[in-house]
Amino acid sequence: MKPGSEAELAEAIGSATDPLVIIGGGTKPIGTPVEGESLSVSGIAGIRRYEPQALTLVAGAGTPVAEINHELARHKQMLAFEPMDCRDLLGTDGEPTIGGIVAANMSGPRRVQTGACRDYLLGVRFIDGSGRVIRNGGRVMKNVTGYDLVRLLAGSHGTLGVLTEIALKVLPRPEAAGVLLLTGLTDQDAVRCLEAALTSPFEVTGAAHTPRGLDGDPVTMIRVEGFEDSVRYRCFRLRDLLREFGDIDLETGAERIAAGWKWVRDVECFGDEKGDVWRISTKPGDAPSLVENLRRQTEVAVLYDWGGGLVWIKTEAGTDLREGCGDIDGHATLIRASVADRLRLGVFHPQPDRLRRISLGLKAKFDPRGILNPGLMN
């Protein structure tokens with residue numbers, strides 16, 4: 001099914017008797033596979049309202065992210081977060097939609113400085129599992145009355161309701177960017193370097209490390225954005241601050257910087273390689289020891305993002321990485337694997353009992369018949 005309006009979508013959900021598989025652009029089939037009738041939101045699209053002076057934008061959930069980015073670029077603005085494009089990693093087609101990005105709370109490397117996708121949501125409209133149209137929030141940050149369903153829907157993967165309209169706060173596009181590059185660091189030294197940069201007053205907007213760059217050597221990347229003079233000043237100060245970690249190169253070419261951070265954002269290093277891909281969220285300082293422990297048990301490839309707080313790991317297909325993680329202070333999510341392995345291993349990290357009961361209670365409230373992506377977040 002592909003409804004063309006919110007009313008048609010509400011009717012489709014309200015009259016459904018079997019489980020529904022909610023689809024946006026079809027680019028990121030993340031989660032435990034769900035059996036049911038496909039329900040696409042891609043027909044509910046278009047930018048409804050954009051006020052550049054107020055830094056606000058309202059769009060239908062099925063609006064392609066590329067369309068939004070194009071319109072924002074015309075006014076030298078951008079999405080505050082940096083959503084991942086999963087197509088290369090997951091081998092999918094289609095177009096990423098703003099509703100799919102919000103439903104998965106995909107935030108990207110810039111989260112380390114600006115915050116997550118959910119932090120820039122002003123309001124949403126969605127259809128719950130009974131077919132009711134619900135609106136929460138507005139077009140200004142002051143609208144915080146009632147339950148904060150705006151942030152509750154972000155990251156719920158369509159299990160609580162189907163988004164139809166989204167209001168966002170956007171940001172001015174930076175005038176310039178600079179990236180500090182260090183080569184040859186160990187994982188431990190790289191994370192120490194990234195933490196030093198992130199705790200400095202120089203407003204780092206990206207901090208990543210790969211033990212295997214394009215030429216095979218470890219590469220550590222630190223991004224700074226803003227006005228040109230400010231970027232130059234902060235990059236030089238950061239280079240002085242991080243001198244103990246070795247020689248530091250400075251990249252200022254806009255195209256090379258954009259390509260490098262797309263490589264990090266979209267986890268392109270694993271796109272053409274076989275194996276399962278996991279995403280681990282943990283304390284940055286704990287990441288190197290966690291990875292080292294996994295390396296002693298199995299062969300893994302690694303990409304550190306957000307200064308090490310987010311670790312992407314590729315391993316042999318069918319490996320239960322959570323068994324090797326032990327009792328981590330964080331969670332591990334299986335992003336890419338076969339249908340059989342996602343069913344066998346489960347995709348999302350098991351929740352503590354108290355949190356699981358809250359989640360089940362919310363699911364029962366917003367989807368009492370259990371028809372919206374049932375079991376997807378297991």
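Below, all heavy atoms of this structure are taken into account, side chains as well, without hydrogens, waters or symmetry copies. From a predicted model like this one, the values you see are computed outputs, not experimental measurements. Each residue takes its place number in the sequence, starting with 1.
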Can we call the ring centroids of F348 and H331 under 6.0 Å apart?
-> no

Please check if the number of heavy atoms outside [X] that lie under 6.0 Å from its [atom1] is greater than 12.
X	atom1	result
E35	CD	no
R173	CZ	yes
K2	NZ	no
D215	CG	yes
E8	CD	yes

List the atom pairs, donor and acceptor, that lie under 3.5 Å between side-chain atoms in residues 299-306 and the rest of the protein, sequence neighbours left out.
from: Y304; atom 1: OH; to: D187; atom 2: OD2; distance (Å): 2.7
from: W306; atom 1: NE1; to: G108; atom 2: O; distance (Å): 2.7

Could you tell me whether the side chain of [X] and the main chain of [Y] form a donor-acceptor pair under 3.5 Å?
X	Y	result
R265	R110	no
K363	T159	yes
T220	A190	no
S130	R132	no
Q113	G206	no
S107	N105	yes
D85	D88	no

One thing to verify: whether [Y] and [X] come together as a salt bridge, which I'm taking to mean a side-chain N less than 4.0 angstrom from a carboxylate O.
X	Y	answer
E6	R125	yes
E95	R87	yes
R237	D240	no
E71	R74	yes

Are Q351 and S359 close enough, and set up right, to give a side-chain hydrogen bond (donor to acceptor under 3.5 Å, both in side chains), and what steps lead you there?
-> CA-CA 9 Å; Q351 295 178 323; S359 297; 3.3 Å; yes

Looking at every heavy atom in both [X] and [Y], which two are closest together, and how far apart are they?
X	Y	value
T319	L345	O-CD1, 3.8 Å
C193	I222	SG-CD1, 4.1 Å
C235	L250	SG-CD1, 3.8 Å

Exercise: do S338 and R342 side chains pair donor with acceptor under 3.5 Å | no

Listed pairs under 3.5 Å, donor-acceptor, residues 251-261 side chains, sequence neighbours left out:
from: E251; atom 1: OE1; to: R256; atom 2: NE; distance (Å): 3.0
from: E251; atom 1: OE2; to: G253; atom 2: N; distance (Å): 2.8

Can [Y] be reached from [X] by stepping across I, L, V, M, F, W or Y side chains whose heavy atoms are under 4.5 Å apart?
X	Y	result
L310	V204	yes
V112	M78	no
I44	M1	yes

Classify the angle between the aromatic ring planes of H75 and Y50 as parallel (below 30°), tilted (30 to 60°) or perpendicular (above 60°).
-> perpendicular

Listed by chain and number, what are the ring-ring contact (aromatic ring centres under 6.0 Å, His included) partners of F270, not counting sequence neighbours?
-> none

R223/E82 under salt bridge (charged side-chain N to carboxylate O under 4.0 Å, His left out): CA gap, chis, key distance, verdict = CA-CA 13 Å; R223 182 177 62 186; E82 200 170 4; 2.9 Å; yes

Value for CD1 (I127) from CG (L160), rounded to nearest 0.5 Å, stands at 14.0 Å

